[in-house]
Visitor: 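I am attaching a structure below and will ask some questions about it afterwards.
Just so we're on the same page: letters track the sequence lines, and every chain starts at 1.
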Amino acid sequence: MNPSPHARIAGIAYHLPETRLGNDDLAALHPEFSAKKVRKAIGVEERRVVAANEYASDLAYQAALALFAEQSEARASVDFLLYCTQSPDYFVPATACMLQHRLGLPTSVGALDFNLGCSGYVYGLGLAKSLIASGMASSVLLLTTDTSTRNLGGSEKVALQSLFGDAASATLVLASDVPGIHEFVVGTDGSGAEHLIIRKGAYRDPSAGSGYGEPDDDGRYLHMNGPEIFNFTIEAVPKVVQSCLDKNKLGMHDIDHVVFHQANGFMLEYLRTKIGVPTEKFHNDLRCTGNTSSSTIPIGICQRRQSGVATIGQRLLLVGFGVGFSWGAVVVTL
Amino acid sequence: MDIQSFCAELQEMLEVDQSITEATNLKELEEFDSLAIMSLIAIIDGRFGKKLSGQQLASITTVNSLVELIGRERFSGRA
């Protein structure tokens with residue numbers, strides 16, 4: 001058991017790649033693309049896209065450096081590295097091991113990759129809290145990162161291109177005498193696996209496919225069944241929110257900020273009204289990033305901190321849901 | 001809600017100038033894209049508390065077919 005068995009979030013930073021893909025850029029490439037519609041319906045103005053020789057671990061590396069700049073003792077004291085990605089550098093070894101070396105972390109650290117997307121940050125906080133509670137760690141570096149823009153089938157699929165962006169985040173979770181990460185609710189429904197999937201390239205279907213062709217049928221790229229996913233979220237998310245509040249013995253009035261996984265603006269606004277969260281508490285901001293997979297929640301927290309709307313000591317409800325289908329919710333105190 | 005109001009709501013959602021009636025073939029409308037389908041899911045969930053599966057949504061042709069999927073008995077009044 002850890003003498004300080006609780007866990008708290010000590011700091012969060014994020015990193016976006018340089019190249020911007022704005023709505024006007026997409027409109028120039030695709031005559032049928034409506035910038036107005038995308039802005040209104042999804043809420044995205046621009047997304048960031050990795051360069052040809054830039055990978056998820058590069059983004060994560062930069063995010064970690066940004067975090068270390070704020071938390072000067074972190075690099076030497078981190079004793080566990082959790083790396084959440086669905087864009088591994090290689091199948092073997094875990095990218096986390098390579099990052100230990102690249103970041104110059106002590107060789108006494110534990111390090112592992114875990115493969116989740118939309119729900120990844122919440123699960124990451126859960127793993128970090130558990131490592132601390134068990135005494136296995138006292139200072140956890142949680143990295144989230146993805147290069148979703150690589151999986152979209154290039155210029156053939158403007159609908160997908162308009163949604164997704166690349167990013168990484170770094171969070172420091174420390175052992176604490178006072179709890180800062182409270183109770184979790186998680187869930188999984190693998191019957192929805194087929195609705196958000198990249199079929200090819202791993203073991204079950206290693207064939208790489210040829211060129212772009214019909215990206216969706218090719219299976220090399222992301223297949224996303226929007227209606228099925230939307231149906232899932234409007235069914236599952238309100239229940240998860242209630243379960244999490246109940247488990248934490250709180251009501252929505254006790255929560256200062258609600259940060260859902262930022263998948264698309266329309267869906268977020270619909271969930272907000274369905275669940276009944278006041279607008280000022282509810283985060284809905286994909287304008288400059290698009291959907292950045294497991295980084296949307298930590299980026300959302302940073303955005304609210306940077307704008308001054310969220311302050312230390314406030315309570316946040318974080319809810320991640322999507323690919324898997326997988327979901328998780330937790331209440332944290334900033 | 002009655003079917004006429006439902007048609008008006010669809011017209012507003014799709015942002016089309018033409019008048020939407022039960023006979024309108026939604027599938028043939030350029031505006032009936034993936035974003036419109038999302039809005040439709042929200043309308044049906046919000047107004048009727050009903051969820052249509054991906055398959056059912058893909059089978060929609062005319063507004064009439066949509067009304068049948070939702071269930072004509074859920075609409076008030078006469079069309």
Visitor: Do other residues, nucleotides or ligands put more than 12 heavy atoms under 6.0 Å from Q18(B) CD?
Guide: yes
Visitor: For R272(A), is the CZ atom crowded, meaning more than 12 foreign heavy atoms sit under 6.0 Å from it?
Guide: yes
Visitor: Go through the atoms of Q55(B) and report whether side chain, backbone, both or neither lie under 4.5 Å from a heavy atom of chain A.
Guide: backbone
Visitor: Is Y270(A) reaching over with its side chain to a backbone N or O of I41(B), donor-acceptor style, under 3.5 angstrom?
Guide: no
Visitor: So, does N231(A) use its side chain to make a donor-acceptor pair with the main chain of K51(B) at under 3.5 Å?
Guide: no
Visitor: How many angstroms lie between atom CZ of F230(A) and atom OG of S34(B), to the nearest 0.5 angstrom?
Guide: 12.0 Å
Visitor: Give a yes or no on whether E68(B) atom CD has more than 12 heavy-atom contacts from other residues, nucleotides or ligands under 6.0 Å away.
Guide: yes
Visitor: Between I229(A) and chain B, which part of the residue has a heavy atom less than 4.5 Å away: side chain, backbone, both or neither?
Guide: neither
Visitor: Can you tell me which portion of L40(B) sits under 4.5 Å from chain A's heavy atoms? Options are side chain, backbone, both or neither.
Guide: neither
Visitor: Which of the residues L35(B), L57(B), D45(B) is involved in the greatest number of heavy-atom pairs with chain A at under 4.5 angstrom?
Guide: D45(B)
